[in-house]
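Have a look at the structure below, then the notes.
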Amino acid sequence: MRKLVFIFISLLVLGSCKKEKQESKKEIQSRVVWEPYDESEDLKATRNLDQERMHLKLVNSKVLDKNDIWRSLESELDYFSAEDYNKLKKFIIEKDIPAIQQSVKEGKLSYEELVKFFIYRIRKYESDNSLSLNAVISLNPKVVKQARELDKVDKNTIDVNSVFGIPIMLKDNIGTKDMPTTAGAIALQNNITDNAFIADRLLEQNALILGKANLSEWAYFFCSGCPVGYSAMGGQTLNPYGRMVFESGGSSSGSGVVVATNFCVAAVGTETSGSILSPSSQNSIVGLKPTIGLLSRSGIVPISGTLDTPGPMTKSVVDNAILLNAMVGEDSSDSASVSSTVDFLESIKESVLKGKRFGVVKSFLEDSLYAQSVDKIKKAGGEMVIVEPEQVALPGFLSILNVDMKKDLPRYINLYASDDITVKTVEDVITFNLQDTLVRIPYGQGVFEGIIKDTTTIKELKKIKQNLQDVAQNYFDSQLNTYHLDVFLSINNYHAGYAAVAKYPALTVPMGYTDKGEPKGLTFIGKPFTEYKLLQLGHGYESISEARKMPEKYLD
């Protein structure tokens with residue numbers, strides 16, 4: 001018995017000595033605390049902006065304490081100092097996936113350090129009320145532990161062009177079992193789900209899901225005329241290039257911001273019409289809206305089973321191709337899903353602009369950034385063809401979203417949502433929100449109310465869908481076919497509605513900044529399943545333009 005007591009005391013002493021040595025080696029870091037502040041002056045300033053949609057009613061969420069975002073991971077940062085953070089910056093900030101993986105292989109960086117760097121950086125900026133962007137809703141409490149496990153793998157076996165160990169943010173309408181999936185809505189605050197199909201695809205390849213990004217609530221199909229990037233759960237997402245001045249783009253607002261400010265390596269957004277293209281353009285990053293069916297929609301809170309798709313959002317075309325490669329796969333639960341054997345990364349090695357034919361919209365040449373981009377491509381050998389497509393209406397577009405949402409939301413809740421979720425229909429959500437309008441719907445819920453009022457029949461809807469698809473496909477094909485174009489060139493999300501109902505893919509790449517510093521993107525649109533070609537041409541353009549710059553206030 002005495003022997004056992006002696007052993008026990010010895011172990012305690014050894015443990016204490018070990019802890020003392022660890023603490024003497026590196027001082028425990030003081031914990032950072034976010035504190036709410038009086039937002040009235042900030043909100044008042046937005047009233048002077050020309051864009052009425054930017055007249056904000058609030059900045060921070062009324063239900064989310066930002067300290068809760070990183071609380072479960074605080075202890076992981078106890079021995080991660082500002083010195084550690086600054087030492088690692090050169091291996092992480094603005095680096096693409098292959099460069100980061102190479103640093104890991106060379107022992108300059110570990111996956112654990114990579115994850116801690118991003119958590120530290122998120123806390124650093126999101127706890128500062130003069131710089132916070134409200135881009136993150138939650139962080140994965142298991143992510144550091146998961147990174148440690150990946151560090152045990154022989155680094156020589158890791159493909160530098162893979163998502164292995166790469167921290168990725170998901171828009172918070174994409175299911176993950178380690179964090180709630182809220183779509184930004186209080187009605188789904190406790191929605192604990194299984195992983196979406198694309199989340200499982202990422203995890204199968206040992207990507208690290210770092211957290212969930214803020215978004216326009218219900219993917220911006222909720223309130224009428226409200227600011228993009230606002231959700232009751234996450235507050236108002238802000239643009240790092242013009243905080244409370246420029247729109248963040250929607251609805252994948254947080255996904256655009258977390259990539260732009262290097263809060264993660266890459267992110268995944270979703271688009272129905274413009275929701276990847278818009279925030280990617282507004283935040284000077286690369287965003288791909290794929291052909292419907294290339295990526296699964298299973299386990300994602302829907303608007304429209306007809307038009308919804310997830311897509312990669314990254315700082316570079318290379319990373320976009322790598323992330324796209326990681327997510328493709330046929331899903332039997334998604335009726336639109338298809339298999340793909342294309343290696344999108346391999347395809348961009350053929351990124352030659354010379355001899356390729358680009359459709360240039362004549363009226364867009366009045367935009368100086370567009371005109372400069374066209375000139376750069378022309379100098380690189382691209383053949384520029386001026387096109388003047390006739391602008392056509394898209395009658396009934398809204399009815400597609402209304403009728404699909406009325407049907408697809410109950411289906412999602414039945415198949416994927418947590419048993420704790422009491423709302424089952426759009427009507428239930430409306431009723432739930434009316435119980436506390438100031439907190440749950442400060443901008444109203446006019447779009448949801450419009451869903452209920454829409455009386456379009458299934459037969460009428462079928463006709464609308466086919467008509468719009470025919471109209472939009474003809475809009476592009478009349479140019480692509482007539483002039484034998486490789487791609488149609490647009491700006492930001494200007495043609496997002498046409499691409500949506502045509503079910504054509506679109507890729508936006510940074511093309512520069514206005515005189516006021518607002519980012520813009522050059523958008524490449526092509527025929528279905530020509531993502532490989534869009535990435536080729538986007539990569540070729542990216543290499544001659546090198547337009548992306550980090551937001552100045554977020555360089556440290």
Can any side-chain N or O of [X] pair as donor or acceptor with the backbone N or O of [Y] at less than 3.5 Å?
{"X": "K66", "Y": "E126", "value": "yes"}
{"X": "N325", "Y": "F344", "value": "yes"}
{"X": "T46", "Y": "L56", "value": "yes"}
{"X": "N214", "Y": "G254", "value": "no"}
{"X": "D151", "Y": "R148", "value": "no"}
{"X": "E76", "Y": "K116", "value": "no"}
{"X": "T514", "Y": "K516", "value": "yes"}

| message | Show me the pairs that pass disulfide (SG to SG under 2.5 Å) and involve residues 147-246, at least two apart or across chains. | response | C223-C226

| note | residues 236-294 vs disulfide (SG to SG under 2.5 Å), sequence neighbours excluded, gives none

| task | Measure from the ring center of Y120 to the ring center of Y85 and say whether it is less than 6.0 Å. | result | yes

| request: Before accepting this row, confirm whether a basic side-chain N of the pair R123/E74 lies closer than 4.0 Å to the acidic partner's carboxylate O. | output: yes

| query | What residues, two or more places apart in sequence or in another chain, satisfy side-chain hydrogen bond (donor to acceptor under 3.5 Å, both in side chains) together with T309? | reply | none

| Counterpart residues, side-chain contact (heavy atoms from CB on, under 4.5 Å), relative to S40 (two or more places apart) | D38

| task | List in chain and number order the residues that pass side-chain contact (heavy atoms from CB on, under 4.5 Å) with D331, two or more places apart in sequence or in another chain; answer none if no residue qualifies. | result | F197, S296, S298, S333, D334, S337

| said: Quick check: do L109 and K95 have side-chain heavy atoms less than 4.5 Å from each other? | reply: no

| query | Parallel, tilted or perpendicular for Y230 and Y443, by the 30°/60° rule? | reply | perpendicular

| message | Distance check, rounded to the nearest 0.5 Å: K155 atom NZ versus F164 atom CZ? | response | 7.5 Å

| task | Kindly indicate, with the supporting measurements, whether the criterion salt bridge (Lys or Arg N to Asp or Glu O under 4.0 Å) is fulfilled by K142 and D178. | result | CA-CA 8 Å; K142 300 177 182 177; D178 291 328; 3.2 Å; yes

| message | Please list all pairs meeting side chain to side chain donor-acceptor pair (under 3.5 Å) that have one or both residues in residues 198-209, counting only residues at least two apart or in different chains. | response | N195-D200, R201-E204

| Among K171, K289, E271, which residue meets the side-chain hydrogen bond (donor to acceptor under 3.5 Å, both in side chains) test with S252? | K171

